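What follows is a single structure, written as structure tokens, with notes after it.
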Amino acid sequence: MGTSSTRTTPIVDPWEAWIGEVASRLARAAAEVGVPLGETAAAEQLEFSSAEGADLALPVHRLAAAAKEPPEALAARLAAAFPPGEPVLQARAEGAYVNVTLDPGELVATILSLVLGRGGEYGRAEAAGEPVCIEHTSSNPTGPLHVGRVRNAIVGDTLSRAARAAGGRVTTQYYVDDMGRQAAMVTWLWQQPREAWPEPVRASVEGQERPGEKVDHYRGRPYPALSAYLKEHRETAEAVAEFVRLIESGAAPAAHRALAGEILDAMLASLARLGIRFDEFVWESDLLKDGSVEKVLERLRAAPHALQEENGAWAIDAESYGLPKDSTHVVFQRGNGVSLYVTRDVAYHLLKFSRFGRVVDVLGQDHQLHARTLDALLAEIGEGRRPSYVFYQDIHAPGGGRMSTRGGSAVWLDDLLDEAFSRARAEVLKRRDDLSAEEVDRIAEAVASGAVRFHIVRVAPDKPVRFRWEDALSFEGRSGPFVQYAYARASSVLRKGEADSPPYPFDAKLLTDPEELALVRLLSRWPRTVAYAARSGHVHTLAGYAHDLADRFNRFYHALPVLTSGPSRESRIALVAAVRQTLANSLDLLGIVALPTM
RNA sequence: GGGCGCGUAGCCUAGUCUGGAUAGGGCACCGGGUUCCUAACCCGGCGGUCGAGGGUUCAAAUCCCUCCGCGCCCGCCA
């Protein structure tokens with residue numbers, strides 16, 4: 001718990017003051033009983049208590065060992081010497097722990113006032129500090145997004161939202177790679193009449209087109225067959241290679257970028273269904289046009305470990321940068337004078353550094369070595385800054401193995417969303433007959449999107465995931481719709497209570513049930529959760545929090561009446577309003593639509 | 001071979017950074033709950049050698065070492 005003092009972004013976290021106060025009193029108690037424990041050390045050793053009804057706990061093992069005293073005895077002495085008074089209700093020894101319980105009235109009053117007072121800002125900090133760039137997704141504009149790629153988008157978008165909430169001045173960027181071989185292949189093919197396509201490629205798309213389908217599916221469909229065909233046919237491969245050289249020389253036909261843009265727009269439309277949008281797009285080919293790639297080439301050629309090979313290619317001997325053996329020879333300019341992807345990525349990062357104080361890249365784990373190589377090249381040209389990386393592991397295909405467009409094992413994001421939508425629609429119709437068709441569709445789309453986002457973000461990014469349809473389409477248990485449902489339920493209570501908007505007067509002394517206090521304690525943890533997700537990149541903790549809060553609320557809902565609870569009615573309404581608000585705030589960071597009714 | 005990551009009940013997963021009190025959830029399965037604020041819900045039950053072994057420590061899922069298994073990367077591709 002020692003991070004509070006080093007935090008620079010002031011999220012309003014009630015625990016900061018409480019931990020400070022409890023630590024201060026523990027230090028006084030320690031002095032009283034004659035053991036060495038400073039306030040700072042106490043704050044660092046304090047943890048959230050797992051004992052029923054307690055808030056903070058201090059394990060005394062370490063102190064006891066130093067004092068050569070049985071831990072239980074020391075805990076008892078410390079608890080007895082703990083200075084009483086607000087906001088602490090009591091300090092009691094349990095085993096080797098001193099458990100501190102805050103006055104529930106103080107806890108409830110502070111938290112409810114904070115949540116209801118700040119509303120949508122609860123858990124958010126004032127935007128401050130240096131500007132941050134978060135680059136994510138950056139999928140090649142060559143065809144539809146599959147579920148594996150969308151993990152990048154969901155992790156990246158969630159991280160962006162969290163970083164923004166934590167006070168970052170965030171700009172999101174999508175790096176459009178229009179200079180790669182893949183994009184070249186797609187344009188090369190579509191530039192020719194269908195009759196001129198290699199027979200197997202034509203056959204692979206025949207009869208596959210669906211009326212009204214998105215252009216990323218339509219334009220991307222021949223890619224796998226073309227890719228396979230090129231492996232076997234040298235002449236065609238050479239024709240494509242020729243086109244690649246044209247693009248690399250900066251003389252790509254206008255149709256190339258137009259087609260890439262057309263496909264990209266279709267991909268972005270799918271991401272928009274998930275609530276994912278980008279602030280800026282940086283086209284790789286623009287880095288070539290504006291001369292920044294050439295500048296990087298010059299700097300690299302003049303770098304300390306640069307060397308030229310017989311055929312004219314240039315490389316950096318990066319052994320001194322700790323790259324794995326067999327990977328220390330980094331070619332940055334081909335024999336034909338053309339730059340490589342990593343070289344252009346250096347140019348891209350210099351551009352980012354020129355505008356942003358902090359640069360974050362969300363990358364698949366297969367880019368780990370690329371990232372280290374990029375770092376080495378930045379060092380070679382004397383650039384002191386580095387991006388920070390957030391890596392995520394693959395989502396494997398249902399049958400196992402990587403999702404591959406070429407191998408045909410990819411599950412398209414669009415198909416997943418469509419299937420989720422149709423199932424969600426059936427669920428809505430099952431329980432509602434009072435909604436217009438438009439309302440049903442709107443709810444179903446939000447549920448589908450929420451289910452997909454939650455399903456992917458809920459797992460720690462560094463864990464590999466095997467995609468399974470039945471799991472991805474689950475609307476129960478630990479799922480997006482579960483959280484959305486709790487929000488809708490809270491909204492319904494407030495609607496029925498004609499309390500859909502503030503003010504929410506309450507009397508903290510009336511909220512004393514364990515269910516109520518557990519809810520308030522959970523509410524109090526939201527700001528810390530946001531701060532942690534933003535600084536660690538562990539965005540899955542946001543999903544965990546949202547689920548836990550929804551779960552707690554469901555228990556409260558079943559255990560205690562709200563609207564028919566007599567004198568405590570108004571106070572419980574305020575509690576429900578605070579829960580609804582915090583559910584909304586957490587759903588917002590997860591990019592999931594909060595539905596007032598479903 | 002080298003580098004990086006992962007290994008927690010039948011399946012999925014939190015906790016590992018920062019070592020602490022009986023390892024939290026979910027799915028599936030079994031048994032209950034709706035004249036009452038939305039049952040996409042709740043309550044109870046079943047289910048764990050935290051991959052294996054060693055070490056550090058008062059204390060290890062967590063830190064260190066060795067090994068095993070799985071994935072990815074190691075291109076003048078991106």
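Since this is a predicted model, take the numbers as computed values, not measurements. Convention: sequence-line order gives letters A, B, ...; per-chain numbering from 1.
Salt bridge annotation for A/Arg257-A/Asp286: present, with a cationic side-chain nitrogen under 4.0 angstrom from a carboxylate oxygen. At a threshold of 4.0 Å, the pair A/Glu248-A/Arg334 counts as salt-bridged, since one of the basic side-chain nitrogens sits closer than that to a carboxylate oxygen. Under a 4.0 Å N-O distance rule, the pair A/Arg442/A/Glu445 does not qualify as a salt bridge.
At the heavy-atom level, A/Phe482 lies under 4.0 Å from the strands shown only through sugar-phosphate atoms. When heavy atoms are screened at a 4.0 angstrom cut-off, A/Ser492 is found touching base atoms of the nucleic acid. Counting any heavy atom pair closer than 4.0 Å across all strands shown, A/Ala315 reaches no nucleic acid atom. Counting any heavy atom pair closer than 4.0 Å across all strands shown, A/Asn311 reaches a base atom. Across all strands shown, A/Ala65 has no heavy atoms under 4.0 Å from either base or sugar-phosphate atoms. Across all strands shown, A/Pro464 has heavy atoms under 4.0 Å from sugar-phosphate atoms exclusively, and none from any base. Within 4.0 Å of A/Thr564, counting heavy atoms only, lies no atom of the nucleic acid at all. Note on A/Met179: nothing from the nucleic acid sits closer than 4.0 angstrom, heavy atoms only. Among the protein residues, A/Tyr532 comes within range of the nucleic acid bases, having at least one heavy atom under 4.0 Å from a base atom. A/Val576 comes within 4.0 angstrom of nothing in the nucleic acid, heavy atoms only. A/Leu63 comes within 4.0 angstrom of no nucleic acid atom, judged by non-hydrogen atoms across all strands. Residue contacts shown for A/Lys463 include a base, since a base heavy atom lies under 4.0 Å away. Heavy atoms of A/His547 sit under 4.0 angstrom from primed sugar atoms or phosphate atoms, though from no base atom. Among the protein residues, A/Gly95 comes within range of no part of the nucleic acid, since none of its heavy atoms lies under 4.0 Å from any strand.
Distances shorter than 4.0 Å separate some side-chain N or O of A/Tyr557 from OP1 or OP2 on B/A39. The shortest distance between the side-chain N/O atoms of A/His540 and the OP1/OP2 oxygens of B/G15 is below 4.0 Å. Contact check, A/Arg402 against B/C73: a side-chain N or O comes under 4.0 Å of OP1 or OP2. The phosphate of B/G3 (OP1 or OP2) has no side-chain N or O of A/Arg372 nearer than 4.0 angstrom. Checking the phosphate oxygens (OP1, OP2) of B/C58, no side-chain nitrogen or oxygen of A/Lys68 falls inside 4.0 Å. Phosphate contact (OP1/OP2 of B/U38, side-chain N/O of A/Arg495, threshold under 4.0 Å): absent.
Across all strands shown, B/G7 forms a Watson-Crick or G-U wobble pair with B/C68, both key distances being under 3.5 Å. Of the nucleotides present, none pairs with B/G47 by Watson-Crick or G-U wobble criteria with both distances under 3.5 Å. In this structure, B/C63 forms a base pair with B/G55, meeting either the Watson-Crick or the G-U wobble geometry with both donor-acceptor distances under 3.5 Å. Of all nucleotides present, none satisfies the Watson-Crick or G-U wobble test against B/C37 with each distance under 3.5 Å.
A/Phe482 and A/Phe475 have their aromatic ring centers separated by at least 6.0 angstrom. In this structure, A/Tyr175 has its ring center at least 6.0 angstrom away from the ring center of A/Trp283.
For the pair A/Leu587 and A/Tyr487, the minimum side-chain heavy-atom distance is below 4.5 Å. Residues A/Phe332 and A/Val346 have side chains not in contact (no heavy-atom distance under 4.5 Å, counting atoms from C-beta outward).
The side chain of A/Val331 has B/C76 as its nearest neighbour among B/C76, B/A39, B/C37. Side-chain proximity of A/Arg489 to the nucleotides B/A39, B/C73, B/C37 is greatest for B/A39. The side chain of A/Ala488 lies closest to B/U38 when the candidates are B/C37, B/U38, B/G1. Counting only heavy atoms from C-beta on, A/Gln368 has its side chain closest to B/C4 among B/C12, B/C4, B/U38.
Following rounding to the nearest Å, A/Glu427 (CD) and B/U38 (P) show an atom-to-atom distance of 19 Å. When rounded to the nearest whole Å, the span between CD of A/Glu47 and C1' of B/A21 equals 9 Å. Look at NZ on A/Lys496: it is 11 Å from C1' on B/C36, rounded to the nearest Å. Computed from coordinates, the A/Asn99 CG to B/A21 P distance equals 12 Å when rounded to whole Å.
Comparing the same atom, C1', in B/C6 and in B/G45 gives a spacing of 33 Å after rounding to whole Å. Annotation: B/A21 and B/C41 have their C1' atoms spaced 32 Å apart (nearest Å).
Of the residues near RNA chain B, A/Ser50 and A/Glu284, the one whose nearest nucleotide (by heavy atom distance) lies more toward the 5' end is A/Ser50. The nearest heavy atom of RNA chain B to A/Val60 and to A/Asn554 marks one nucleotide each, and the one closer to the 5' end goes with A/Val60.
The local environment of CD in A/Glu309 is crowded, with over 12 non-hydrogen atoms from other residues, nucleotides or ligands closer than 6.0 Å.
On a pure distance criterion of 3.5 Å, no polar donor-acceptor pair joins the side chain of A/Asp548 and the base of B/G24. Residue side chain A/Ser49 reaches the base of B/A21 through a donor-acceptor N/O pair under 3.5 Å, judged by distance alone. Counting atom types as modelled, A/Thr597 pairs a side-chain N or O with a base atom of B/U38 as donor and acceptor under 3.5 Å. Not a single donor-acceptor pair, N or O on each side, falls under 3.5 Å between the base of B/C11 and the side chain of A/Asp471.
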